[in-house]
Amino acid sequence: MKKKALLIDITKCVGCQQCAIACKEQNNLPDIEETKLSATAYTVVEERGEHYVRRLCMHCNEPTCVSVCPVGAFEKTPEGAVLYDEYKCIGCRYCMMACPFQVPRYEWYSTTPRVQKCRMCIERVRDGKVPACVQACETGASQFGEYYQMLQIAHQTIKAEPDKYVNHIYGEKEVGGTSVLYISDVPFEKIGFKTNLGTVPLPEYTWKALSKIPSVVLVGGTLLYGIWWITSRRKEVIEYERKLKEQKNEEEEG
Ligand code: SF4
Ligand code: SF4
Ligand code: SF4
């Protein structure tokens with residue numbers, strides 16, 4: 001099967017949340033409204049100024065979650081989806097530290113916690129259907145199809161209305177490309193997207209890739225950058241875990 005992609009046109013999103021609702025139904029997740037990605041919300045629509053930004057796993061072409069997982073619990077499939085195998089996972093949460101988009105979430109509430117994130121509705125896709133979130137989107141803000149077709153539509157849309165759209169397809173080049181692409185009428189950094197991630201696939205900086213390179217080559221910026229990057233992500237995750245615990249304590253006290 002050819003590689004697929006989601007194309008999200010931010011100018012068309014009206015924040016109706018139908019995609020998030022459909023995702024919950026599709027994945028048997030609790031029917032509660034959530035504003036941030038969580039173990040029970042694989043996609044959310046965030047209000048950022050006057051725009052609505054849908055968030056989900058970017059299904060990176062060269063995913064760091066795959067490269068850092070010591071037991072191979074993540075895989076990039078030929079369809080483009082990045083999938084997680086709970087039976088292989090040992091709960092180290094390196095994937096959470098490594099993801100440049102802060103996507104994977106942990107089931108803190110469970111005695112046998114798993115990592116959770118969007119699965120690109122892989123069963124539906126293999127069945128020839130579009131993901132549930134795309135089917136639910138009535139404005140055409142979320143589209144799905146073959147990767148190169150989605151990329152072409154994105155380029156054509158920008159070309160047809162150059163005064164409306166910024167000339168940037170987010171995900172075309174970021175971190176080596178992703179299977180979720182965005183187009184927008186405002187620069188992406190103004191609506192909370194990370195635009196400083198570079199175009200080099202991040203696995204090149206992770207310990208697994210580094211361990212395969214002869215040590216003599218490692219002396220220099222790449223190693224230092226890799227160490228800095230993993231360390232800073234670890235700090236972010238520790239802080240995230242601390243906030244979650246605080247929130248849980250407050251809920252219990254309240
Ligand atoms: S966005 Fe994060 S979780 Fe999703 S494929 Fe990329 S690295 Fe993995
Ligand atoms: S592709 Fe499927 S799992 Fe991913 S956000 Fe859409 S409905 Fe949810
Ligand atoms: S269903 Fe479409 S328009 Fe509605 S919030 Fe989701 S992406 Fe936006």
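First listed ligand is number 1; within each ligand, the first listed atom is number 1.
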State the atoms of ligand 2, each with its element, that fall below the 4.0 Å cut-off from a heavy-atom position in [X].
X      : result
Arg54  : 5 (S), 6 (Fe)
Cys121 : 1 (S), 2 (Fe), 7 (S)
Cys23  : 3 (S), 5 (S), 7 (S), 8 (Fe)
Thr43  : 5 (S)

Just wondering, do [Y] and [X] contact through their side chains at under 4.5 Å, heavy atoms?
X      : Y     : answer
Leu29  : Glu34 : no
Ser179 : Lys76 : yes
Cys95  : Phe74 : yes

**Message:** Can you tell whether the side chains of Arg114 and Glu107 come within less than 4.0 Å, N to carboxylate O?
**Reply:** yes
**Message:** With the threshold set at under 4.0 angstrom, would you say Cys118 reaches ligand 1 through any of its heavy atoms?
**Reply:** no
**Fill in**
Residue set satisfying side-chain contact (heavy atoms from CB on, under 4.5 Å) with Val130, at least two apart, ordered chain then number -> Val134, Gln135, Phe144
**Message:** I want to verify a count. Protein N, O or S atoms less than 2.8 Å away from atom 8 (Fe) of ligand 1, how many are there?
**Reply:** 1
**Message:** Quick check on Arg55 - does any of its heavy atoms sit under 4.0 Å from an atom of ligand 2?
**Reply:** no
**Prompt:** With respect to atom 1 (S) of ligand 2, which of Arg119, Met120, Glu25 exhibits the smallest heavy-atom separation?
**Reply:** Met120
**Prompt:** Stepwise, does the side chain to side chain donor-acceptor pair (under 3.5 Å) test hold for His168 with Glu174?
**Reply:** CA-CA 11 Å; His168 181 178; Glu174 280 76 12; 2.7 Å; yes
**Prompt:** Can you tell me which residue and heavy atom of the protein come closest to atom 6 (Fe) of ligand 2, and the distance to 0.1 Å?
**Reply:** Cys133 SG, 2.3 Å
**Request:** Verify the cluster assignment for Leu7 and Phe101: are they in a single hydrophobic cluster under the rule of side-chain heavy atoms below 4.5 Å apart?
**Result:** no
**Asked** Does the side chain of Tyr165 pick up a donor-acceptor pair with the side chain of Thr157 at under 3.5 Å?
**Response** no
**Message:** Parallel, tilted or perpendicular: which one describes the rings of Tyr170 and Phe188, with boundaries at 30° and 60°?
**Reply:** tilted
**Partner of Glu79 under side chain to side chain donor-acceptor pair (under 3.5 Å), chosen from Arg126, Lys2, Lys3** = Arg126
**Request:** Could you tell me whether a side-chain N or O of Lys117 sits under 3.5 Å from a main-chain N or O of Val82, the two making a donor and an acceptor?
**Result:** yes
**Asked** Sub-3.5 Å donor-acceptor pair from the side chain of His59 to the main-chain atoms of Ala81, do we have one?
**Response** no
**Asked** Which ligand 1 atoms does Pro100 reach within 4.0 Å, using its non-hydrogen atoms?
**Response** 7 (S)
Taking 4.0 Å as the limit for heavy-atom contacts, which would you say applies to [X] with ligand 2: side chain only, backbone only, both, or neither?
X      : value
Pro131 : side chain
Asn27  : side chain
Gln26  : neither

